[in-house]
Protein chains: 2
Amino acid sequence: MGNPKVDKDIVIDKLMEVFRSVGYDGASLADLAAATGLKKASLYHRFPEGKEAMAHAVLDHVADWNEKEVVAILMSSKPAEKRLNTVLDSINDLYNGGRLACILRALSHGTAADLFRNEIAAIFQNWVVAFAHLAADFGHEPEMAKRLAESTLIRIQGSLILAQTLQQPNLFKNALNDIKSDFLKPSGNK
Amino acid sequence: MGNPKVDKDIVIDKLMEVFRSVGYDGASLADLAAATGLKKASLYHRFPEGKEAMAHAVLDHVADWNEKEVVAILMSSKPAEKRLNTVLDSINDLYNGGRLACILRALSHGTAADLFRNEIAAIFQNWVVAFAHLAADFGHEPEMAKRLAESTLIRIQGSLILAQTLQQPNLFKNALNDIKSDFLKPSGNK
DNA sequence: GTCTATAGCTAGATAGAC
DNA sequence: GTCTATCTAGCTATAGAC
């Protein structure tokens with residue numbers, strides 16, 4: 001296939017940056033071209049289906065990251081507490097300590113909502129399954145483990161919104177700590 | 001001022017519907033005109049500053065609703081538990097049991113992020129103050145009361161995202177229940 | 001595979017009749 | 001205060017040279 005991956009990952013990374021900061025509808029082809037350093041026509045050469053395909057490529061990349069950095073770790077055989085800490089650290093890095101928006105949320109609105117809902121839902125569901133698995137290893141009952149996993153995603157998404165709107169990144173850090181203590185707690189409440 | 005409020009509230013309500021379902025960047029003047037039943041030129045007659053002014057009007061309306069239905073109730077002298085239940089019911093209605101997106105979040109992204117951040121942040125902060133007041137009345141220490149109030153907003157925002165993406169409104173209902181038990185709990189954890 | 005140039009359209013916003 | 005008609009700028013997308 002010639003030399004197909006020269007800087008493909010960099011391009012996807014730059015596309016992601018734009019989508020995540022201004023959303024799908026807010027991202028113009030001119031923005032995307034400027035961010036990648038490519039001209040519009042070159043972007044269309046790589047993504048013949050246009051902007052929609054660019055967002056799909058970004059989501060595929062996110063799904064891969066998710067499998068490697070979250071699901072695989074949470075499902076591994078290391079000690080439960082170590083798994084939790086490793087993943088929460090990754091998540092903290094991913095969002096730069098609460099300063100960066102979530103790409104999944106950015107692609108959940110406006111025109112994008114209908115286009116990408118299924119892909120995004122699949123990623124969320126993988127997180128829930130993986131975190132529920134971890135919660136079970138911490139000794140939580142199945143039903144409670146699932147609630148705890150859902151609550152984890154809820155806290156991450158909600159705290160990112162507040163952290164960015166109020167420009168208080170600590171709200172995100174606090175949420176990560178709350179998540180940790182929820183998992184460590186003996187069970188019986190959420 | 002003649003007859004200035006013929007259907008002004010209805011217009012604002014329709015504008016809000018559009019912004020909340022497709023976001024600020026996703027909402028075209030054509031969409032807004034169609035939803036209100038007015039032509040574009042008529043919208044500009046009412047909002048000479050254009051789309052931005054329409055969103056500001058919507059936010060003002062939201063701020064008013066917030067003062068009446070949330071802040072005033074939470075600050076009243078009724079029993080704490082009754083105040084909590086009343087407000088959570090209002091919030092549940094507002095979002096139609098988790099089926100509707102939050103207008104504040106819809107206006108927090110893309111181009112809109114910079115335009116409306118201060119107004120939205122002010123509304124969030126009012127919620128935090130009011131819920132912290134309630135938490136104090138439930139016997140929580142000041143520091144914990146504030147954390148609990150922040151956690152309340154986080155749970156609402158986060159659960160709305162998940163509820164809509166996964167199309168499971170129950171995730172929102174569960175979050176409201178979790179909020180309730182957090183307030184009722186003796187304190188010591190969040 | 002990248003570029004310049006441009007087509008075709010829709011966006012936000014106005015002019016001016018009624 | 002509402003309308004039809006229209007302007008200009010920006011949008012997504014394509015053609016075709018290199």
Side-chain angles (χ1 to χ4, degrees), chain A residues 1-59 61 106-107 109-116, chain B residues 1-59 61 106-107 109-116:
Chain A
M1 66 233 26
N3 194 3
K5 74 158 159 177
V6 234
D7 48 7
K8 193 178 170 193
D9 285 357
I10 296 178
V11 168
I12 290 189
D13 222 63
K14 296 295 185 183
L15 294 176
M16 178 158 71
E17 257 179 50
V18 177
F19 284 130
R20 128 149 106 181
S21 74
V22 301
Y24 185 74
D25 291 318
S28 72
L29 268 287
D31 294 335
L32 297 165
T36 55
L38 291 169
K39 297 299 177 182
K40 283 193 269 182
S42 303
L43 273 179
Y44 273 96
H45 177 77
R46 290 168 178 243
F47 305 97
E49 328 280 73
K51 191 164 129 175
E52 192 174 330
M54 299 177 206
H56 273 297
V58 167
L59 281 177
H61 182 258
L107 293 177
H109 294 279
T111 311
D114 297 319
L115 296 175
F116 310 120
Chain B
M1 65 235 24
N3 193 4
K5 74 159 158 176
V6 235
D7 48 8
K8 193 179 170 192
D9 285 356
I10 296 178
V11 168
I12 290 190
D13 221 63
K14 296 295 184 183
L15 294 176
M16 178 159 68
E17 259 178 49
V18 177
F19 284 130
R20 127 150 107 181
S21 72
V22 302
Y24 185 74
D25 291 318
S28 72
L29 268 287
D31 293 336
L32 297 164
T36 55
L38 292 169
K39 297 298 178 183
K40 282 194 272 183
S42 302
L43 274 179
Y44 273 95
H45 176 78
R46 289 165 178 246
F47 304 97
E49 328 280 73
K51 191 165 129 176
E52 192 174 332
M54 300 177 206
H56 274 298
V58 166
L59 282 177
H61 181 258
L107 293 178
H109 294 278
T111 311
D114 297 318
L115 296 176
F116 310 120

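In what follows, every heavy atom counts, from backbone to side chain, and hydrogens, waters and symmetry copies are set aside.
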Residue met sooner reading DNA chain D from 5', once Pro48(A) and Ala30(A) are mapped to nucleotides
Ala30(A)

Would you kindly give the CG-to-P distance between Leu43(A) and dT14(D), to the nearest whole Å?
13 Å

Of all the heavy-atom pairs spanning Asp25(B) and Gly26(A), show the shortest one and how long it is.
OD2-CA, 3.6 Å

Just how far, in rounded Å, is P of dA13(D) from CD of Glu49(A)?
10 Å

Does a side-chain N-to-carboxylate-O contact under 4.0 Å join Asp31(A) and Lys40(A)?
no

Answer with base, sugar-phosphate or nothing: what part of the nucleic acid does Ala27(A) contact at a heavy-atom distance below 4.0 Å?
sugar-phosphate

Between Lys51(A) and Leu38(B), the residue closer to the 5' end of DNA chain D by nearest nucleotide is Leu38(B)

Rounded to whole Å, how long is the line connecting atom CZ of Phe47(B) with atom P of dT2(D)?
11 Å

Name the closest nucleotide to the Ala41(A) side chain, picking from dT14(D), dT14(C), dG12(C).
dT14(D)

Can you tell me if Ser42(B) touches the phosphate of dG1(D), counting only side-chain N or O atoms and a distance under 4.0 Å to OP1 or OP2?
no

Taking atom C1' of dG1(C) as reference, at what distance in whole Å does atom CD1 of Ile10(A) sit?
16 Å

What is the distance, to the nearest angstrom, from the NZ atom on Lys39(A) to the P atom on dA13(D)?
19 Å

His45(A) atom NE2 is separated from dT2(C) atom P, nearest whole Å, by 7 Å

From CD of Glu52(A) across to P of dA13(D) the rounded distance in Å is 9 Å

As a test of reading the structure: which of dG1(D), dT2(C), dC3(D) is closest to the side chain of Arg46(B), going by heavy atoms?
dG1(D)

Decide side-chain contact (heavy atoms from CB on, under 4.5 Å) for Val11(A) and Leu38(A); before the verdict, give the C-alpha distance in whole Å, the side-chain angles of both, and the deciding distance to 0.1 Å.
CA-CA 9 Å; Val11(A) 168; Leu38(A) 291 169; 4.2 Å; yes

Any salt bridge linking Asp13(A) with Arg20(A)? Criterion: basic side-chain nitrogen under 4.0 Å from a carboxylate oxygen.
no

Ser28(B) side-chain proximity, nearest of dC11(D), dA11(C), dG1(D):
dA11(C)

In whole angstrom, give the distance that lies between atom CG of Leu29(A) and atom C1' of dG8(C).
15 Å

Measure across Ala27(A) and Val18(A) and return the closest heavy-atom pair with its distance rounded to 0.1 Å.
CB-CG1, 3.8 Å

Tell me whether the OP1 or OP2 atom of dA13(C) has a side-chain N or O from Tyr44(B) closer than 4.0 Å.
yes

